[in-house]
Amino acid sequence: MILAVLFANSEGNILVERFNGVPAEERLHWRSFLVKLGADNLKGVKNEELLVASHKSVYIVYTVLGDVSVYVVGKDEYDELALAEVIFVITSAVKDVCGKLPTERLFLDKYGRICLTLDEIIWKGYLENTDKDRIRRLVRLKPPTEF
């Protein structure tokens, strides 16, 4: 299960977060842990260069995308290899929505569309859509043509 997807700015402020199966009392712990992890390790990292960590029995894959940090947390079948695929789909979809690597301002300008895109990619903690064209069609709120 994909437990969390978080986007943060360079100061460590959370821009978007999606938790699945994480109790409310643990969410603050995860927020602060991931932001600290990024602050310690993401300095000087190239865009879309993946970093991997594990904490307790979960895996974390994270990267920098323009001015935004992206964190994906998973467990069970979503190990570091599966999460690398998930983060690739997310980062390519965000670049597609923004038209380029996002600055914080551009990310916030496209906030609604990015949230819709995230909801189409991950559904209840599982990777649902990976095809860019299908995601684009679903975000436009048009019915899919294939079943």
Side-chain angles (χ1 to χ4, degrees), residues 1-140:
M1 174 178 264
I2 300 168
L3 297 175
V5 176
L6 277 89
F7 289 86
N9 65 8
S10 54
E11 288 84 39
N13 299 318
I14 305 295
L15 302 175
V16 176
E17 65 180 22
R18 293 285 190 275
F19 286 101
N20 302 293
V22 177
E25 58 273 6
E26 289 184 27
R27 292 179 184 184
L28 180 60
H29 162 74
W30 276 108
R31 284 184 200 106
S32 58
F33 175 78
L34 292 172
V35 168
K36 183 175 180 348
L37 184 70
D40 294 343
N41 298 311
L42 287 175
K43 288 185 177 77
V45 173
K46 295 180 213 153
N47 279 314
E48 299 182 70
E49 180 180 342
L50 299 182
L51 299 172
V52 178
S54 63
H55 179 66
K56 298 181 181 175
S57 63
V58 300
Y59 299 97
I60 303 153
V61 177
Y62 55 110
T63 190
V64 172
L65 186 67
D67 293 346
V68 178
S69 305
V70 185
Y71 305 88
V72 181
V73 182
K75 68 175 185 177
D76 300 332
E77 69 272 19
Y78 286 97
D79 61 4
E80 62 269 30
L81 295 174
L83 291 178
E85 176 68 23
V86 171
I87 205 166
F88 173 75
V89 172
I90 291 171
T91 55
S92 61
V94 168
K95 284 191 303 188
D96 196 38
V97 167
C98 293
K100 59 181 181 176
L101 288 174
T103 61
E104 183 180 354
R105 179 179 178 90
L106 180 59
F107 187 91
L108 293 174
D109 286 345
K110 303 286 185 177
Y111 179 83
R113 197 161 192 89
I114 289 171
C115 288
L116 281 172
T117 302
L118 267 180
D119 290 343
E120 294 302 335
I121 295 171
I122 297 172
W123 177 251
K124 294 187 179 181
Y126 294 96
L127 182 63
E128 184 177 39
N129 291 304
T130 58
D131 180 49
K132 283 174 83 165
D133 293 330
R134 181 172 171 79
I135 293 167
R136 202 175 300 125
R137 273 195 316 272
L138 291 168
V139 168
R140 285 192 312 222

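The backbone N or O of Val22 sits less than 3.5 Å from a side-chain atom of Arg27, completing a donor-acceptor pair. Looking at Tyr59, its side chain never comes within 3.5 Å of a backbone N or O of Asp76 through a donor-acceptor pair. Formation of a donor-acceptor pair under 3.5 Å by the Thr63 side chain with backbone atoms of Glu49 is found in this model. A donor-acceptor distance shorter than 3.5 angstrom exists from the side chain of Asn20 to the backbone of Ile2, with no hydrogens or angles considered. Listed for the Asn41 side chain is a donor-acceptor partner under 3.5 Å among the backbone atoms of Leu37.
Between Arg136 and Asp131 there is no salt bridge, since no side-chain N of the basic residue sits under 4.0 Å from a carboxylate O of the acidic one. Remark: Arg137 does not engage Asp133 in a salt bridge, criterion side-chain N to carboxylate O under 4.0 Å. In this structure, Lys95 pairs ionically with Glu48, as a charged nitrogen and a carboxylate oxygen lie closer than 4.0 Å.
Interatomic distance, CZ of Arg18 versus CD1 of Ile122, reported as 9.5 Å (0.5 Å rounding). Here the straight-line distance linking atom CD1 of Ile121 with atom CG of Asp119 works out to 9.5 Å at 0.5 Å rounding. A distance of 14.0 Å separates OH in Tyr62 from CG in Leu6, rounded to the nearest 0.5 Å.
The minimum heavy-atom distance linking Tyr71 with Ala8 is given by the pair CE1-CB, 4.2 Å. Contact detail for Met1 and Lys124: the closest heavy-atom pair is CE-O, 3.8 Å. Minimum heavy-atom separation, Val61 to Ala84: CG2-N, 4.3 Å.
In this structure the side chain of Lys110 never reaches within 4.5 angstrom of the side chain of Arg105, judged on heavy atoms.
Checked against Val97 for a side chain to side chain contact (heavy atoms under 4.5 Å, CB included), the options Val139, Ile114, Leu116, Ile135 give a single hit: Ile114.
Around atom CZ of Phe88, no more than 12 heavy atoms belonging to other residues, nucleotides or ligands sit under 6.0 Å away.
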Pair Ile90, Phe7 - check side chain to side chain contact (heavy atoms under 4.5 Å, CB included), show working. CA-CA 11 Å; Ile90 291 171; Phe7 289 86; 3.5 Å; yes

